[in-house]
Each structure stands twice: as structure tokens, then as C-alpha cells.
Amino acid sequence: QVQLVESGGGLVQAGGPLRLSCAASGRTFRTYPMGWFRQAPGKERDFVAAISWSGGSTYYADSMKGRFTISRDNAKNTVYLQMNSLKPEDTAVYYCAAGSTSRTTRAYDYWGQGTQVTVSS
């Protein structure tokens with residue numbers, strides 16, 4: 001069993017940075033690949049980025065490449081999403097998930113409650 005808690009969301013101006021954190025409970029965290037998704041009002045939950053259990057492989061949605069960076073610290077049971085050059089269209093609730101590096105939500109076993117990111121123009 002893995003419990004996930006996101007933090008770091010908030011209001012930021014367009015062009016600014018923000019770093020999200022996802023703290024996980026459970027000693028098996030380091031064995032789980034992890035992902036970040038986001039969901040804007042009235043839209044589906046979309047893939048943002050994913051990282052292998054070791055951190056050696058990362059994956060990004062095309063629109064995030066070069067702006068977002070996923071990383072993890074297994075000693076701290078935490079995965080991060082560094083977001084730079086934020087745009088108003090990045091406004092969404094951001095979720096972390098454990099269990100896969102897939103781009104589909106159904107592949108993941110555990111989800112956090114989400115953290116709101118709002119980018120003002």
C-alpha cells in the first residue's frame with residue numbers, strides 16, 4: 001500500500017516557475033515507477049511526466065518537454081515536478097500516481113488527492 005500527498009501548488013504568474021512535491025508513505029516506494037498527471041476543469045486527466053523506479057528513465061508529454069522536469073529522491077520517498085515557463089493553459093489540478101510510467105491513468109495503482117496550480121496571465 002502506498003499513500004501519496006502532493007504539495008507545492010499555488011498561484012503563479014505566467015512565465016514563472018513552480019515545484020510540486022509528492023510525498024509517499026511505505027517502504028516500497030523506491031520500487032514504484034511514478035507519474036504526474038493533470039486535470040483542468042471539464043477535461044480529462046492528462047499525462048504530464050513519469051519516471052522509472054531508479055530515476056534513470058523519464059518520460060514527458062510533448063507539450064511539457066523542455067519546460068517540466070520530473071525527478072525523485074528515494075531516500076526521502078518523494079517525487080518532484082519542476083515546472084518552468086508556466087503558461088495559463090497549465091492551470092489544472094496536478095496529481096501524482098504510483099505504479100507505472102504509462103501515459104494512461106488506468107495503469108496506475110495509487111493516486112494522491114491533487115494540488116491546484118493556477119497560472120495567471
Side-chain angles (χ1 to χ4, degrees):
Q1 188 79 0
V2 176
Q3 292 184 320
L4 305 172
V5 179
E6 302 95 335
S7 62
L11 175 64
V12 62
Q13 287 190 330
L18 203 62
R19 189 177 82 156
L20 305 182
S21 300
C22 174
S25 65
R27 287 175 288 180
T28 59
F29 168 77
R30 63 190 63 198
T31 68
Y32 279 88
M34 300 290 294
W36 283 96
F37 287 75
R38 69 185 186 184
Q39 188 167 20
K43 296 190 176 181
E44 293 185 350
R45 192 169 295 188
D46 292 330
F47 173 78
V48 173
I51 189 167
S52 61
W53 68 269
S54 67
S57 297
T58 56
Y59 311 89
Y60 296 93
D62 288 344
S63 62
M64 287 74 171
K65 286 180 181 177
R67 298 193 301 126
F68 291 9
T69 303
I70 188 171
S71 61
R72 67 189 296 161
D73 185 338
N74 286 342
K76 296 182 177 179
N77 278 14
T78 302
V79 64
Y80 303 97
L81 184 68
Q82 177 67 44
M83 304 185 293
N84 296 326
S85 302
L86 282 163
K87 306 174 182 179
E89 51 263 43
D90 293 319
T91 294
V93 177
Y94 284 70
Y95 298 89
C96 71
S100 179
T101 55
S102 172
R103 295 168 183 260
T104 59
T105 57
R106 72 185 72 177
Y108 291 78
D109 301 312
Y110 304 101
W111 290 85
Q113 84 290 348
T115 186
Q116 176 71 47
V117 171
T118 302
V119 183
S120 64
S121 57

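Worth knowing before you read on, the calculation uses all heavy atoms, side chains too, and leaves out hydrogens, waters and symmetry mates.
Listed for the Ser21 side chain is no donor-acceptor partner under 3.5 Å among the backbone atoms of Tyr80. Judged purely by atom type and a 3.5 angstrom limit, Glu6 uses its side chain to pair as donor or acceptor with the backbone of Gly114. A donor-acceptor pair under 3.5 Å links the side-chain atoms of Asn74 to the main chain of Trp53, judged by distance alone.
For the salt bridge (charged side-chain N to carboxylate O under 4.0 Å, His left out) condition, the pairs that include at least one residue of residues 80-103, sequence neighbours left out, are Arg38-Asp90, Arg67-Asp90.
The shortest heavy-atom contact between Val79 and Met34 is CG1-CE, 3.9 Å. Here the closest heavy-atom approach between residue Thr31 and residue Pro33 is recorded as O-CD, 3.7 Å. Taking every heavy atom of both residues into account, Thr78 and Lys76 meet most closely at OG1-O, 2.8 Å. Residue Ser102 comes nearest to Ala107 through the heavy atom pair CB-CB, 3.5 Å, listed as atom of the first residue, atom of the second, then distance. Across every non-hydrogen atom of Ser25 and Asn77, the tightest pair is C-ND2, 4.5 Å. Annotation for Leu4 and Ala24: closest pair CD2-CB, 3.6 Å, computed over non-hydrogen atoms.
Residues Leu81 and Arg19 are not in side-chain contact: their nearest non-hydrogen atoms beyond the backbone lie 4.5 Å or more apart. For the pair Gln116 and Thr91, the minimum side-chain heavy-atom distance is below 4.5 Å.
Under a hydrophobic-cluster definition in which Ile, Leu, Val, Met, Phe, Trp and Tyr are linked whenever side-chain heavy atoms come within less than 4.5 Å, directly or via other members, Val2 and Leu20 are assigned to the same cluster. Hydrophobic cluster membership is shared by Ile70 and Leu86, with clusters built from Ile, Leu, Val, Met, Phe, Trp and Tyr side chains linked at under 4.5 angstrom. Hydrophobic cluster membership differs between Tyr95 and Tyr32, with clusters built from Ile, Leu, Val, Met, Phe, Trp and Tyr side chains linked at under 4.5 angstrom. Cluster annotation: Ile51 is connected to Tyr110 through the hydrophobic network of ILVMFWY side chains, with a link wherever side-chain heavy atoms come within less than 4.5 Å. A continuous path of ILVMFWY side-chain contacts below 4.5 Å connects Leu18 to Trp36, so both sit in one hydrophobic cluster.
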Exercise for review: Test side chain to side chain contact (heavy atoms under 4.5 Å, CB included) on Val117 and Met83 and set out the steps.
Suggested key: CA-CA 10 Å; Val117 171; Met83 304 185 293; 4.0 Å; yes

Practice item. Just do the side chain to side chain contact (heavy atoms under 4.5 Å, CB included) check on Leu11 and Ser120 with the steps written out, would you? Key: CA-CA 7 Å; Leu11 175 64; Ser120 64; 4.2 Å; yes

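Under the 30°/60° scheme for interplanar angles, the aromatic rings of Phe68 and Tyr94 are found to be tilted.
Under the salt bridge (charged side-chain N to carboxylate O under 4.0 Å, His left out) criterion, Arg72 pairs with no residue at all, not counting sequence neighbours. Residues meeting the ring pair (Phe, Tyr, Trp, His ring centres under 6.0 Å) test with Tyr108, sequence neighbours left out: Phe37, Trp111.
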